[in-house]
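Below you'll find the structure, written out as C-alpha cells, and then a few comments.
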Amino acid sequence: MEKTIIKDKLNRPLRDLRISVIDRCNFRCQYCMPADQFGPDFEFLPRSALLTYEEIERVAKLFVQLGVEKIRLTGGEPLLRRDLPTLVEKLSNIDGLADLALTTNGVLLPKLAQSLKDAGLKRVNVSLDSLDDGLFGKINGRGVGTGPVLEGIEAAKQAGLGVKLNMVVKRGLNDSEIIPMAEFCKNNGLELRYIEYMDVGSTNGWKMDDVVTKKQIYHLLKDHFELEPVDPAYYGEVAKLYRYKDKDVNVGFITSVSESFCSSCTRARLSANGQIFTCLFNGNGHDIRNFMRNGATDEQLAERITAIWNGRNDRYSDERTAETNKNRKKIEMSYIGG
Ligand code: SAM
Ligand code: SF4
Ligand code: SF4
C-alpha cells in the first residue's frame, strides 16, 4: 500500500497509534486511577460517547495511510470492552499495518486470549507490579492477588501471543520487587520492562522523589545479573534494552522521566471518545468523533489528522521541570491509555 509520510514540526514522522477503547477499569492502581478519586460516583464516559468499532476502524485505516505501522489497544482496561476480538479482527485486516498489540492488566486474558489471537492480535504487554499478593492487592486498589494475572500470562502464552511484562516502579512502594520480578521473568523467558513512574494526570500526587530511575534499577540489577546492551530494533523504539548474558532473554527500561526520548516520539493517541492527542502530557485533544458523525468524508478526516500532526511540537519530557509539572493541564492515563 502506498503511504503518505507526514511529519510534525520537529520532523518526527507518524508511525504509532495507541487507541484507548474504554476509560473504565476493574483495577484502581494507585499511580493511575487512585480509588479515592475514581470512586463509585465517578462519571465515566457514557456508551454513546465511545467510538464504535466501525468508527475506530475507519480512523485507524486513515492513520495507516498516513504512515502508522503499529497499533496498540489500551484503556482503561481494554478487555472490559465488549466483543474486543471483533475490533481486533477489523484492525488486523488493515492493509499496511505491520503490528497490532494490546496492553492489559491480564485478568481477563484466560477468557479472551485465544479469541484475540484468532482474530489477529500479535502481542500483549501485561502489567504486573509485584509478585507479592498482599502488595499487589494494595497497588491495584482492589485487593486482587497475583493469581489471576499469572493465569492471564499463561493463557496468552498458550494461545501463541507474544508476551512482555510492564512494571511501574514507585519508590517505597514496590522497589523491593525489582529483583524478584527480574528473576521471575528471566526464569520464564519473559521480557520485563521497568517503567519509571510518571507525572501523568493530576490525581496520583506524583513527586520526583517517588521516581526510581533507570540508572538506579540498572545498578541494582548489575549486582545480581550480567547484562549486555541490545541495539534498538527500530527508529523510535521506546525501551532501552539489555540481555542476560547467560540466557537469551531481554530486560528493558522505559525512561520517560530520567532520559526522555521526545526527539524520536512518533506516537499519536486516540481516546475512547474520539479525541486525538499528540502527547501523553498535552491535555488538548482534537475532536475527530463529532467531525466524523457530522458527515466528514475520508478525505476531510485525513486532512484533519494531517493538520494536527503537522502542527505538533510537543516534547514535554524533554522540558519537564517542577514548574511545568505543576502548571500544565494534563489528562489522566486511564483516559488516554499510557
Ligand atoms: N489497564 C491496562 C494496563 O494496566 O496494562 C492498560 C492501560 S494502562 C493506563 C497502560 C500502562 O500504563 C500500564 O502498563 C500501566 O502500568 C502504565 N501506567 C499507568 N499509570 C502510570 C504512571 N503514572 N506512570 C507510569 N506508567 C503508568
Ligand atoms: Fe487500570 Fe491499567 Fe490504570 Fe491499573 S494501570 S488502573 S489496570 S488502567
Ligand atoms: Fe512523546 Fe510527549 Fe512522551 Fe515526549 S513527552 S515522548 S512527545 S508522549
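Each ligand, and each atom within it, is numbered from 1 in the order the structure gives. Throughout, residue positions are numbered sequentially from 1 according to the sequence presented.
- Within 6.0 Å of atom CD in Glu299, 12 or fewer heavy atoms from other residues, nucleotides or ligands are found, so the atom counts as exposed in its surroundings.
- Counting only heavy atoms of the protein, atom 4 (Fe) of ligand 3 lies nearest to Cys262 SG, 2.3 Å.
- Polar contact with ligand 1: present for Tyr31 (N/O pair, distance under 3.5 Å).
- Among all non-hydrogen protein atoms, the one lying nearest atom 6 (S) of ligand 2 is Cys29 N, 3.3 Å.
- Considering backbone and side-chain N/O atoms, Thr74 never comes within less than 3.5 Å of an N/O atom of ligand 1.
- Contacts with ligand 3 closer than 4.0 Å are made by side-chain heavy atoms of Arg269 only, the backbone lying farther away.
- Heavy-atom proximity to Val200, at under 4.0 Å, picks out these atoms of ligand 1: 22 (C), 23 (N).
- Gly76 counts as a contact of ligand 2, since one of its heavy atoms falls under 4.0 Å from the ligand.
- The nearest protein atom to atom 2 (Fe) of ligand 2, hydrogens excluded, is given as Cys25 SG, 4.4 Å; this is a heavy-atom distance.
- In this structure, a donor-acceptor pair under 3.5 Å is absent between the side chains of Arg315 and Ser263.
- Contacts between Thr104 and ligand 1, counted as non-hydrogen atom pairs separated by less than 4.0 Å, involve the backbone only.
- Within the 4.0 Å heavy-atom shell around ligand 1 one does not find Ser20.
- Note: no N/O pair closer than 3.5 Å links Ile195 and ligand 1 by distance alone.
- Side-chain atoms of Gln216 and Thr213 include a donor-acceptor pair closer than 3.5 Å.
- Remark: the Asn174 side chain and the Asp129 side chain contain no N/O donor-acceptor pair separated by less than 3.5 Å.
- Among all protein heavy atoms, the one lying closest to atom 3 (Fe) of ligand 2 is Cys32 SG, 2.4 Å.
- Of the polar atoms of Gly75, none of the N or O atoms is found under 3.5 Å from an N or O of ligand 1, judged by distance alone.
- Residue Ser317 has at least one heavy-atom neighbour below 4.0 Å for each of these atoms of ligand 3: 5 (S).
- Ligand 1 has a nitrogen or oxygen under 3.5 angstrom from a nitrogen or oxygen of Glu77.
- At least one N/O/S atom of Cys279, whether from backbone or side chain, sits less than 2.8 Å from atom 2 (Fe) of ligand 3.
- Checked by atom type, the side-chain pair Ser127/Asn105 shows no donor-acceptor distance below 3.5 Å.
- Ligand-side atoms of ligand 3 in range of Phe261: 6 (S), range being under 4.0 angstrom from any heavy atom.
- Neither side chain, Thr4 nor Gln65, offers a donor N or O lying under 3.5 Å from an acceptor on the other.
- The heavy atom nearest to atom 13 (C) of ligand 1, out of those in Cys29, Gly106, Ser127, is found in Ser127.
- Taking the ring axis of Tyr244 as reference, the NZ or CZ atom of Lys247 does not stay both within 45° of it and closer than 6.0 Å to the ring centre.
- Heavy-atom proximity to Thr103, at under 4.0 Å, picks out these atoms of ligand 1: 2 (C), 5 (O), 6 (C), 10 (C).
- Heavy atoms of Glu196 approach ligand 1 to within less than 4.0 angstrom.
- For the residue pair Lys240/Thr255, the side-chain donor-acceptor check at 3.5 Å is satisfied.
- Between the side chains of Asp132 and Ser130, not a single donor N or O lies within less than 3.5 Å of an accepting N or O.
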